[in-house]
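Below is one structure, written out as structure tokens, with a few remarks after it.
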Amino acid sequence: MKVLKFGGTSVGSPERFENLWSIIQSQVTNKQVVVLSAVAGTTNALVNIANLYAQGQVPQARKAIQELKTTYCVFVATLFVTEKGIEKGKAIVNDHFTLLDELGNDLFTIVEERLVLAQGELLSTTLFHSYLQEKGIASVLIPALDFMRLNEEGEPDLNYLKQQLEILLARYLTGQLFITQGYICRNAFGEIDNLRRGGSDYTASLIGAALEVEEIQIWTDIDGFHNNDPRYVSNTKPISHLSFEEAAELAYFGAKILHPQSVFPAQKANIPVRLLDTMNKEALGTLISSQSNHADEIVAVAAKDAITAIRIHSSRMLLAYGFLRRVFEVFERYKTPIDMITTSEVAVSLTLDDRTYLNEIVSELNYFGEVEVDDNQSIICIVGDFKRNKNGYATIVAEAVKHMPIRMISYGGSEHNISLLLPSKYKVEALRSLHNRLF
Ligand code: ASP
Ligand code: MG
């Protein structure tokens, strides 16, 4: 069995549906679970609709709903060819958009908001399923809301997922092709929820791990992880092979191609993940597995923007124990993850990308000493094989960025990563300069 996940652009138009079917068809495997994202742009449009509703701007929300509906009407009119198919397509679109429209009649809470956000994946999967039906191809639509559930901590409930999926699949013993929604799930209260933006990759990885499939394929619109960001640097190349650790670092630090959390379920179950390009099906893409073939090499550079750096300067830190714990507890109370850390004997600098509770955090940190905040920073992450007994890597990296002001450097945290923090205005230059030196 394999899991194949297709992202928003891969389901972005009726022609892409055709292409998607040809990819599914070409795989020589007996069973496949196909995970679909919402059609590109849909989730953003739904976020906007939910925001308008939440602000009580019902007419504006309904206008946005109407606009989105129009694009779907055009979509189904080209997707289906038979009269019956077109009727069915229209009925599907009507159902979902009537629901969206009616949500404006009542109180709009977080529960309704998540219901709005779920419509994208519900639409894409139902449309794809009907499209296959029209072509006379047998497939089974299995609702993610029947098996993907979060526990009380908000984490996917793996036992439940495994149990439910096995029950569902056993019901269709002869079924070969299963279609399901990425991103959406239920929470511990049984309400509709989601795995956060970009979460369809996570869905695919969770399903793959639960069913112990032979491979998880993530089909996107680029031919794999590149060794640098192709939006800013020319001559980047796809990386043919990454270890789970390397992929996790790259996914987290900016390489938008894969949802960072999605590496871990596959890694735990030791299932290879292949990143592939729907528009360039022959390209090899990137294979992520437990092996790394990058001994002594620098593999890739990636960047993450909108980082905030905080420095806490405190003489109380000097020779004290328990100081860092108390600092970290502040972040824990506000459920804010810390990314990079550097320390000196009297100061600690750390970074975060979630600024939701920044003011609260800073006002609590003020208790420890002087606090400085720098926004608009970027983390540049250099991924490679940086074994303890190897020398020279820091010099190569430092040399490449010597003409830029570096706010923090982190080396030795793992054997796969060197991170730099600098003001975002230097990011592109840093990526290019590193590229020239390293590759
Ligand atoms: N449709 C969702 C999003 O845009 C999930 C995904 O595409 O992975 O965030
Ligand atoms: Mg994505």
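Ligands are counted one by one from 1 in listed order, and the atoms in each one are counted from 1 as well. What you are looking at is a predicted structure, and each value in this text was computed from that prediction instead of being measured. Hydrogens, waters and symmetry mates play no part in the numbers below; they use all other heavy atoms, side chains included.
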Verify the ring-centre separation between F128 and F17: is it less than 6.0 angstrom? yes

Do any N/O atoms on T43 end up under 3.5 angstrom from N/O atoms on ligand 1? yes

Over-ring placement of K88 relative to F80, 6.0 Å and 45° cut-offs:
no

Side chain to side chain donor-acceptor pair (under 3.5 Å) with D101: of Q66, K69, R62, only one passes, and it is R62

If we number the atoms of ligand 1 from 1 as shown, the ones under 4.0 Å from a heavy atom of S37 are 6 (C), 7 (O), 8 (O)

Are G8 and ligand 1 in contact, using a heavy-atom cut-off of under 4.0 Å?
no

Less than 3.5 Å between some nitrogen or oxygen of K5 and one of ligand 1, yes or no?
no

Short question: side chain of S410, backbone of M340 - any donor-acceptor pair under 3.5 Å? no

| field | Stepwise side chain to side chain donor-acceptor pair (under 3.5 Å) check, R355 with T336 | value | CA-CA 8 Å; R355 295 171 56 98; T336 300; over 6 Å; no

Are L276 and I218 close enough that some pair of their side-chain heavy atoms sits under 4.5 Å apart? no

So for H259 against ligand 1, with non-hydrogen atoms under 4.0 Å, the contacting part is neither

- F97-Y72 aromatic ring centre distance below 6.0 Å: yes

- prompt: Do ligand 1 and R197 have nitrogen or oxygen atoms that lie under 3.5 Å from each other?
  reply: yes

> Could an N or O of ligand 1 be found under 3.5 Å from any N or O of R196, whether backbone or side chain?
Replying inline: no

| message | So for G182, does at least one of its heavy atoms come nearer than 4.0 angstrom to any atom of ligand 1? | response | no

A student checking ligand 1 against E121 at a 4.0 Å heavy-atom cut-off should list atoms 1 (N), 2 (C), 5 (C)

Within 4.0 Å of some non-hydrogen atom of S200, the atoms of ligand 1 are 5 (C), 6 (C), 7 (O), 8 (O)

